[in-house]
Peer 1: 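Sharing a structure, written as structure tokens. Questions coming.
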Protein chains: 2
Amino acid sequence: MTGMANTGKIHCDWQEGALGSPCNACQVRGLTICAPLTHDDLQHMVSIVSERSLEPGDTLFSEGDPADHLFNITAGTMMVYRLLADGRRQVTGFLFPGDFLGLGSDKIYRYSAEALTPATLCRFKRPALQEALQKFPAMEQRLFGMASNELAAAQDQMVLLGRKTAQEKLASFLLMLSKRAERRGQKPTPIPLAMNRSEIGDYLGLTIETTSRVFTKMKQSGVIALLPSSHIDIRDFDALEEMAEQG
Amino acid sequence: MTGMANTGKIHCDWQEGALGSPCNACQVRGLTICAPLTHDDLQHMVSIVSERSLEPGDTLFSEGDPADHLFNITAGTMMVYRLLADGRRQVTGFLFPGDFLGLGSDKIYRYSAEALTPATLCRFKRPALQEALQKFPAMEQRLFGMASNELAAAQDQMVLLGRKTAQEKLASFLLMLSKRAERRGQKPTPIPLAMNRSEIGDYLGLTIETTSRVFTKMKQSGVIALLPSSHIDIRDFDALEEMAEQG
DNA sequence: CGGTAACTTGATGTTGGTCAACCTAGGTGG
DNA sequence: CCACCTAGGTTGACCAACATCAAGTTACCG
């Protein structure tokens, strides 16, 4: 369910890179496709990039839109999802700073992308990026590596969706968030939860109620604690890993 | 469930390409990463490839093995899967001639690969292929395109696993097989089913019994017919598409 | 200090899982 | 060539996990 009306105020505020675009000052470059670029290479990127900010709930693009652009997230949390004809939703991923957005699309986007928090992203026109990839083989390799990681993550998610119980799903999810936060240089706990129960449920193949009940049970067993403003504190990593029943 | 003992007779019969390797005569080149190569380029591929045949049930590699090689399937059907600690299995894909095998692996394979039918494949050492990809940018682009498709397919599968009913799952599965057969130049029906109920169930996140029941119901409703030697005849594509409830 | 959206909790329902028996087809050996 | 054996498949009875439906409750925000 949870079709989730898109109020999408598209106050188009793309900024040409040339203006103030500070690729050199980019705080998350080490996480993005730009990681392997030299100072000089970056000048070229500045010339083909534009920036955008999104507010929570803003839709970046929708399933079926022409896929003219590719993105790199520089701040905030995004969600990508697909809808069935009757409105059932499957969230196929949550994206964080550094993550690349737009892979797996051909002429049109095959999924929708929406901001969960205030977010900023770098936008590249497809042909311009293609050209840059030719120019900078290291960036191409970097992107290929990121695509490979995404493929591996997708397989993990298939195992989760197809074969794990509700409790195993939520445990795996929380550990994944924690590990990804760590990879971005943050602490593994507490985890700021940018997504609500409905979005988590639609990611894990559960209903909102089941998701809530499993949270409650984990809280009661002392494995996690729910802190104010949607932060989750992992109190017992070992127990959580046990619960996740990783392959 | 269905741990599926690997009897794996590994009668190591890799053949160096130089010997008889007929890349020029390759029947499925148009489907593989070699599709965009010229006659001359192929000579280089011949020098880095080796071939292998597998019998049904043979394991090509297992989760955790060092990922030294990448593969392109030239004949037969392969299955890739992951296991949870307690033996639950998730089949993450079925692979057919032309399909590339080994993406999403880093130092070690993150899944196991097994032949469902007699199969043959081309094997490339990772560094040699890497080098060839540099040499032939068209092949690199081709591979990137294949990886993108795989990512899109993985997202489809997440929708299926997370949000579809048993009937919708099986309908989607049969249509997928039919479309892929067609893309390989075969007829869309009847479909030769290389996989058994257990493997289908583990792909769709169902048990063998549920899978069988849904087959029976579809047969009774006249949408499909079960032909001898595990062939499925799709009698009503429209009804099947209706059942699949595509997004 | 309301008002609302998100979340939680409880009662009940349904889909698909589990357990168990049985059937069928293909392969083997007598 | 046929009887048997076995793996795969089907079917039935029952069960459990999760979904659904329906109230509450909490927390954030103007």
Peer 1: Choose from dG16(C), dG8(D), dT10(D) the nucleotide whose nearest atom is closest to any side-chain atom of N196(B).
Peer 2: dG8(D)
Peer 1: For L226(A), which contact category applies under a 4.0 Å heavy-atom criterion: base, sugar-phosphate, or nothing?
Peer 2: sugar-phosphate
Peer 1: Figure out the CD/P separation between Q220(A) and dT9(C), and round it to whole Å.
Peer 2: 7 Å
Peer 1: Atom CD of E168(A) to atom P of dA17(D): distance rounded to whole Å?
Peer 2: 12 Å
Peer 1: Listed by chain and number, what are the salt bridge (charged side-chain N to carboxylate O under 4.0 Å, His left out) partners of R213(B), not counting sequence neighbours?
Peer 2: none
Peer 1: Between S62(A) and T59(A), do the side chains contain an N or O donor and an N or O acceptor separated by less than 3.5 Å?
Peer 2: no
Peer 1: Not counting sequence neighbours, which residues clear salt bridge (charged side-chain N to carboxylate O under 4.0 Å, His left out) with E168(B)? List them please.
Peer 2: R88(A)
Peer 1: Can a side chain N or O of T210(B) be found less than 4.0 Å away from OP1 or OP2 on dG16(C)?
Peer 2: no
Peer 1: Sequence neighbours left out, cut at 3.5 Å: what donor-acceptor pairs do the side chains of residues 68-75 of chain A make with other protein atoms?
Peer 2:
{"residue": "N72(A)", "atom": "OD1", "partner": "I33(A)", "partner atom": "N", "Å": "3.1"}
{"residue": "N72(A)", "atom": "ND2", "partner": "G98(A)", "partner atom": "O", "Å": "2.8"}
{"residue": "N72(A)", "atom": "ND2", "partner": "D99(A)", "partner atom": "O", "Å": "2.8"}
{"residue": "T74(A)", "atom": "OG1", "partner": "T120(A)", "partner atom": "O", "Å": "2.9"}
{"residue": "T74(A)", "atom": "OG1", "partner": "T120(A)", "partner atom": "OG1", "Å": "2.6"}

Peer 1: Would you mind telling me which of dT9(C), dA19(D), dG16(C) lies closest to the side-chain atoms of T207(A)?
Peer 2: dA19(D)
Peer 1: Please list all pairs passing the side-chain hydrogen bond (donor to acceptor under 3.5 Å, both in side chains) test where one or both residues lie in residues 149-161 of chain B, with sequence neighbours left out.
Peer 2: R82(A)-D156(B), R110(A)-D156(B), Q157(B)-Y203(B)
Peer 1: Starting at the 5' end of DNA chain D, which residue's closest nucleotide do you reach first, T216(B) or T165(A)?
Peer 2: T216(B)
Peer 1: If I take atom CD1 in residue I208(A) and atom P in nucleotide dA5(C), what distance separates them, rounded to the nearest angstrom?
Peer 2: 13 Å
Peer 1: What pairs with L31(A) under side-chain contact (heavy atoms from CB on, under 4.5 Å), at least two apart in sequence or on another chain?
Peer 2: V28(A), R184(A)
Peer 1: Could you list the protein-to-nucleotides 21-30 of chain D atom pairs, N/O on both sides, closer than 3.5 Å?
Peer 2:
{"residue": "dC21(D)", "atom": "N4", "partner": "E209(A)", "partner atom": "OE2", "Å": "3.1"}

Peer 1: Select base, sugar-phosphate, or nothing to describe what G205(A) touches, counting heavy atoms under 4.0 Å on all strands.
Peer 2: sugar-phosphate
